[in-house]
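One structure is given below, encoded as structure tokens.
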Number of protein chains: 2
Amino acid sequence: MAKRVTAEDVARSAGVSKWTVIRAFTPGASIAEKSRLRVLEAAESLNYRPNLLARSLATNLTHQVAILVDDFKNPHKLPVLEILTWQLQSEGLLTVLININEHFDHVQALLDAGQRQVDAIILFGTAFRPEMLEDDRIQGGAPLYVLARDSQIPNVPAITCDTPLAMRELCEYFYSKGYRRPAFLSGAKTLSTALGRRRAFNAFWEAHGAKSVLGVSAASYSSGHGFEAARILFQETPREQWPDLLMCENDALAFGAIDYVRSTLKLRIPDDIAIAGFDNTPLAASPAYDLTTYEQPAIEMVTAILSMILGREPRENKAFRGKLISRSTA
Amino acid sequence: MAKRVTAEDVARSAGVSKWTVIRAFTPGASIAEKSRLRVLEAAESLNYRPNLLARSLATNLTHQVAILVDDFKNPHKLPVLEILTWQLQSEGLLTVLININEHFDHVQALLDAGQRQVDAIILFGTAFRPEMLEDDRIQGGAPLYVLARDSQIPNVPAITCDTPLAMRELCEYFYSKGYRRPAFLSGAKTLSTALGRRRAFNAFWEAHGAKSVLGVSAASYSSGHGFEAARILFQETPREQWPDLLMCENDALAFGAIDYVRSTLKLRIPDDIAIAGFDNTPLAASPAYDLTTYEQPAIEMVTAILSMILGREPRENKAFRGKLISRSTA
DNA sequence: TTTACGGTTGCTACCGGTAGCAAAATCTAT
DNA sequence: ATAGATTTTGCTACCGGTAGCAACCGTAAA
């Protein structure tokens, strides 16, 4: 592997000092046009590009942002990752994707990112225990942000979809269609409460005089577990109390629930029962499901987080209004 | 923001020189057990962690690998990203995820990654023009790898699923089921040829005496375009020549094709026509599709790329055998 | 001709580590 | 106790940039 070209090499070739070379690459630096061109030419012929690692060490800015993800099963992650990477890149920031799982926990990941001196850390929809973020070793590191769940932790802003509003929109829609026997199918416990969807759902129906709101919990946010949870719900509920509306905490769970209701129960959707999801994943639009769901305002959310990272806006919780996607399952 | 703790600070607090502190953090370094413990204690109380940026600058190793992705629409990307990030992390490497699109092209991304001194670059299923990689500015940078498509470029190893073998397995399966009028639905041109699936498919049927193999191309690898391409195929083909087998280049296309065939043509699958996909995305298993497909050996592929990055194995093309997933659509 | 001034250039010090040599400290054998 | 071997420690130089001061330059005003 050939030795890397440094500013020093270019300087020698252009007959100036290395600082003049640096200036040629620093926008707005004080340098004579004549020498700037000479340097640029020499740099071009030597194929020189400034070493961002060295720059980062000196400026204490890496222009790297770590994204922590713990659930790659949720297809909703992919489109958001696309928006995230793209918007970050537009501002000259690069994305460091960190996979959190039972072998590499949050604290570990956070410390790791910290050692790499990233400029910010985004916890993207991960199921962490809030206490964790108060760890001494984490305070004092890169600024933290929480994307797509709430945070409650001072100094860790959460950027979310406005869940109470979203649920109100959905429920008012269901209500106007005449559904009156609601049930909620939620996902993994730890994250579920942080999402607040069930809470908002229940609140609506209690305020609208529903005697009770059925509920069931899936082991994880996957279609398979959605199927399983739906099975439990219907098997453990007497037929005459079966819901006519099943709100699922996300699309994946809804797909599973639809599969169960259609294939095993042979119920008609939306006549016998309405089913809705959340996230508007690509598949929700497919004719096989054609799922009524709710789209999170991903672009606004990412834009907001970016403004905070860049210091253009104060670091504080923000919730954005999403969009009800009305299709044929409800 | 508090000043960062450096080895120097720890040294002062422990009453040794900064080099002794460094040694305490360097596995296998020559240091007395007594002073190692003293340093570790001081480091602990000051909450010191070595600065990996500075280390990278000095060692010329960042322990970062760039992954270039240009198609976030394909849900297959997510599980592979999970495997990639996880395996890289297990070896102490971090993933830099770079989004390639019309505004930020391959050359730009490659140069960007190069400036950041990443240890390796993986082109993950991206649709690049091979000439591009021969750009002077790119040669001499970090070692390149191509994942999940072929490469043809000397010194840029491609790690793939063994496509000819996969197609043979699939076709033999179809053949044994009695299907004899094959058609192929392919995706975006640039990538399609690099995948080689159509080629292998055609080769089989020509060898097995099929008069002709119908073919149609979708604008991109999405369900929507799959639907559209299926429409074109069936509308432009006289009814008596309709295929009884439609092999789609990936699952997303297959979902679209199934939707079209079911909802518009009202054909029965697999009785009137068999449809198969490729990749075994999570949704292929759902009862709504229950798609026969082929699973790429993602873990083996990632493991192979990792061994090459770590220098444990020579850099060379590798193809692995995947697995036929037989479900109800074929 | 001298002086003042703004643009330009070079310099030192520094970011926080690593590499490897040389001196110091400790241990072992005589 | 002492020489010799070995471990431990401190040091200089370096990775490739940045920051900001000081000197230099040519030119225009005095």
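Proteins come first, then strands; the chains are lettered A, B, ... in the order of their sequence lines, and each starts at number 1. Keep in mind that the numbers below use all heavy atoms, side chains included, and drop hydrogens, waters and symmetry copies.
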How far apart are the C-alpha atoms of B:D70 and B:T126, what are their side-chain angles, what is the distance that settles it, and do they pass the side chain to side chain donor-acceptor pair (under 3.5 Å) test? CA-CA 5 Å; B:D70 68 353; B:T126 63; 4.8 Å; no
Original post:
Does atom CD1 of B:I299 have more than 12 heavy-atom neighbours, drawn from other residues, nucleotides or ligands, at distances under 6.0 Å?
Top reply: no
- request: Answer yes or no: does atom CG of B:L37 have more than 12 heavy-atom neighbours from other residues, nucleotides or ligands under 6.0 Å?
  value: yes
Hey, does the side chain of A:T20 come within less than 4.0 Å of C:dG10's phosphate (OP1/OP2), counting only N and O? yes
Q | B:S35 side-chain N/O to D:dT9 phosphate OP1/OP2 under 4.0 Å | A | yes
From the candidates C:dG17, D:dG10, D:dT18, the one with an atom nearest any side-chain atom of B:T6 is C:dG17
- Ignoring hydrogens and angles, state whether a donor on the side chain of B:R4 or A:N60 is under 3.5 Å from an acceptor on the partner side chain. yes
ask   = Should the pair B:E44-B:R49 be classified as a salt bridge under the 4.0 Å nitrogen-to-oxygen rule?
value = no
Per-helix bend value, the helix from C:dT1-D:dA30 to C:dT30-D:dA1, C1' rotation axes over five pairs per end, 10° rounding, shows 50°
A:L37 CG to C:dT8 P, in whole Å, measures 13 Å
In whole angstroms, the gap separating C1' of C:dC15 from CD1 of A:I22 amounts to 14 Å
The answer to which of B:R36 and A:E8 contacts DNA chain D further toward the 5' end, by nearest nucleotide, is B:R36
